[in-house]
Trainee: 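The structure's right below; bear with me while I get my questions together.
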Amino acid sequence: MSRELEILDRLKKAYPEARIALKFENPLQLLIATILSAQCTDERVNQVTPELFKKYPDARAFAEADLEELAQDIRSTGFYKQKARYIKEACRILVEKYGGEVPKSLEALLELPGVARKTANIVLANAYGIVEGIPVDTHVRRLARRLGFTQEKDPDKIERDLMRIIPREDWAVIPYVLQAHGRTICTARKPKCDRCPVRDLCPSAGKDLA
DNA sequence: CTCCCGATAT
DNA sequence: ATATCAGGAG
């Protein structure tokens, strides 16, 4: 087995429970929650969304929301004015072009404001089971670079490198496995290499870098 | 590259 | 006190 596949195998075994942490009951809720999760923990998003989804039950409700009020409703997730604008405008487009439904294609999702490949991949995979790519967030980016899976910095280029290395059946779970490892062991600041299950396969082990 | 911004770790 | 964080747009 290649070094890369051995790493993936060990990490999957180390974090067998790893999966999406965002709470949602339908594709629209997942889309909104994922937009909110930018630069914010899923845990905090989950503190805001139950109330939010009660107040705004569908895309039309978000599209017709008062912008200032919506912003206050999501305030604690940070970047709240931006996110409120993205959500309102995205939902306006959903109502206008897709009957209030969340479209099932990458291209259509990428048309929405506040939605790039990371968000689109998460929504497609977890709401519809459609796997077209690998969501690259900061955890995935940091670990992919530390593990020597890529030298790139641009998320889209990192995604391409990962799609070459990782078997397609793992594309949907791998971000959650990497996030779990990134939160617990391979942290941004002081990675706990002494407790890492892939230490012997990691080119960055013991080093003190990004 | 800069801006958006509150919450949390250090 | 302040550095950094589950992104994306201009």
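For clarity, every value in this text was computed on a predicted model and none was experimentally measured. Reminder, nothing fancy here: chain letters follow the sequence lines and each chain counts from 1.
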Trainee: Identify whether any heavy atom of A:Thr34 sits under 4.0 Å from a base atom; if not, whether one sits that close to sugar-phosphate; answer base, sugar-phosphate or nothing.
Mentor: nothing
Trainee: Check whether A:Tyr176 forms a cation-pi arrangement with A:Arg19 (NZ or CZ under 6.0 Å from the six-membered ring centre, at most 45° off the ring normal).
Mentor: no
Trainee: Rounded off to whole Å, could you give me the NZ-to-C1' distance for the A:Lys153 and B:dC1 pair?
Mentor: 13 Å
Trainee: Are A:Arg160 and A:Asp156 close enough for a salt bridge, meaning some N to O gap below 4.0 Å?
Mentor: no
Trainee: Atom CZ of A:Arg117 and atom P of C:dA9: how far apart are they, to the nearest Å?
Mentor: 13 Å
Trainee: What is the distance, rounded to the nearest whole Å, between atom CG of A:Asp137 and atom C1' of C:dT4?
Mentor: 15 Å
Trainee: Between A:Asn121 (CG) and C:dG7 (P), how many Å, whole number?
Mentor: 14 Å
Trainee: For nucleotides C:dT2 and B:dC5, find the distance between their P atoms and express it as a whole number of Å.
Mentor: 22 Å
Trainee: So that I can tick it off, tell me whether A:Arg92 and A:Glu89 are bridged by a salt bridge, with the cut-off set at under 4.0 angstrom between side-chain N and carboxylate O.
Mentor: yes
Trainee: Could you work out the separation of C:dT4 and B:dC1 based on their P atoms and round it to a whole Å?
Mentor: 16 Å
Trainee: A:Gln39 has a side chain; which of B:dG6, C:dG7, B:dT10 sits nearest to it?
Mentor: C:dG7
Trainee: Please determine if a side-chain N or O atom of A:Arg189 lies less than 4.0 Å away from the OP1 or OP2 oxygen of C:dA3.
Mentor: no
Trainee: Please pick, from B:dA7, C:dG8, C:dA6, the nucleotide with the shortest atom-to-atom distance to any side-chain atom of A:Thr138.
Mentor: C:dA6
Trainee: Taking B:dA9 as the reference, what is the distance to C:dG7 when you measure between their P atoms (whole Å, please)?
Mentor: 16 Å
Trainee: Would you mind classifying the nucleic acid contact of A:Arg183 as base, sugar-phosphate or nothing, using non-hydrogen atoms under 4.0 angstrom?
Mentor: base
Trainee: I'd like to know if the side chain of A:Lys97 reaches the main chain of A:Ala108, judged simply by a donor and an acceptor atom lying under 3.5 Å from each other, with no hydrogens or angles considered.
Mentor: no
Trainee: Give a yes or no on this: more than 12 heavy atoms of other residues, nucleotides or ligands lie within 6.0 Å of atom CD of A:Gln47.
Mentor: yes
Trainee: Do the ring planes of A:Phe53 and A:Phe62 sit parallel (below 30°), tilted (30 to 60°) or perpendicular (above 60°)?
Mentor: perpendicular
Trainee: Are A:Tyr80 and B:dG6 stacked, counting the six-membered base ring, centres under 5.5 Å, planes under 30°?
Mentor: no
Trainee: On a whole-Å scale, what distance lies between the P atoms belonging to B:dT2 and C:dA3?
Mentor: 16 Å
Trainee: If we take the P atom in both C:dA6 and B:dT10, what is their distance in whole Å?
Mentor: 12 Å
Trainee: Would you mind classifying the nucleic acid contact of A:Leu110 as base, sugar-phosphate or nothing, using non-hydrogen atoms under 4.0 angstrom?
Mentor: nothing
Trainee: Looking at A:Thr41, I'd like to know whether one of its side-chain N or O atoms comes within less than 4.0 Å of OP1 or OP2 on B:dT8.
Mentor: no
Trainee: Look at the side chain of A:Ala188 and decide which nucleotide, out of C:dA6, B:dG6, C:dC5, has an atom nearest to it.
Mentor: C:dC5
Trainee: Rounded to whole angstrom units, what separation is found between the CG atom of A:Asn46 and the P atom of B:dA7?
Mentor: 16 Å
Trainee: If only side-chain N and O atoms count, and only distance matters, is there a donor-acceptor pair under 3.5 Å linking A:Gln179 with A:Asp42?
Mentor: no
Trainee: Applying a 4.0 Å non-hydrogen cut-off, can you work out what A:Val45 is touching in the nucleic acid: base, sugar-phosphate, or nothing?
Mentor: nothing
Trainee: What distance, rounded to whole Å, do you find between the two C1' atoms, one in C:dG10 and one in B:dG6?
Mentor: 22 Å
Trainee: Roughly how many Å is it from CD in A:Gln82 to P in C:dC5, rounded to a whole number?
Mentor: 20 Å
Trainee: In terms of the nearest nucleotide of DNA chain C, which residue is placed more toward the 5' end: A:Glu43 or A:Leu112?
Mentor: A:Glu43
Trainee: Could you tell me the separation between the CG atom of A:Asp154 and the P atom of C:dG8, rounded to a whole number of Å?
Mentor: 12 Å
Trainee: With centres under 5.5 Å and planes under 30° as the test, does A:Phe79 stack with B:dC4?
Mentor: yes
Trainee: Choosing from C:dA6, B:dT8, C:dG7, which nucleotide comes nearest the side chain of A:Ser37?
Mentor: C:dA6
Trainee: Would you mind reading off the distance between A:Arg85 atom CZ and B:dC3 atom C1', rounded to a whole angstrom?
Mentor: 11 Å
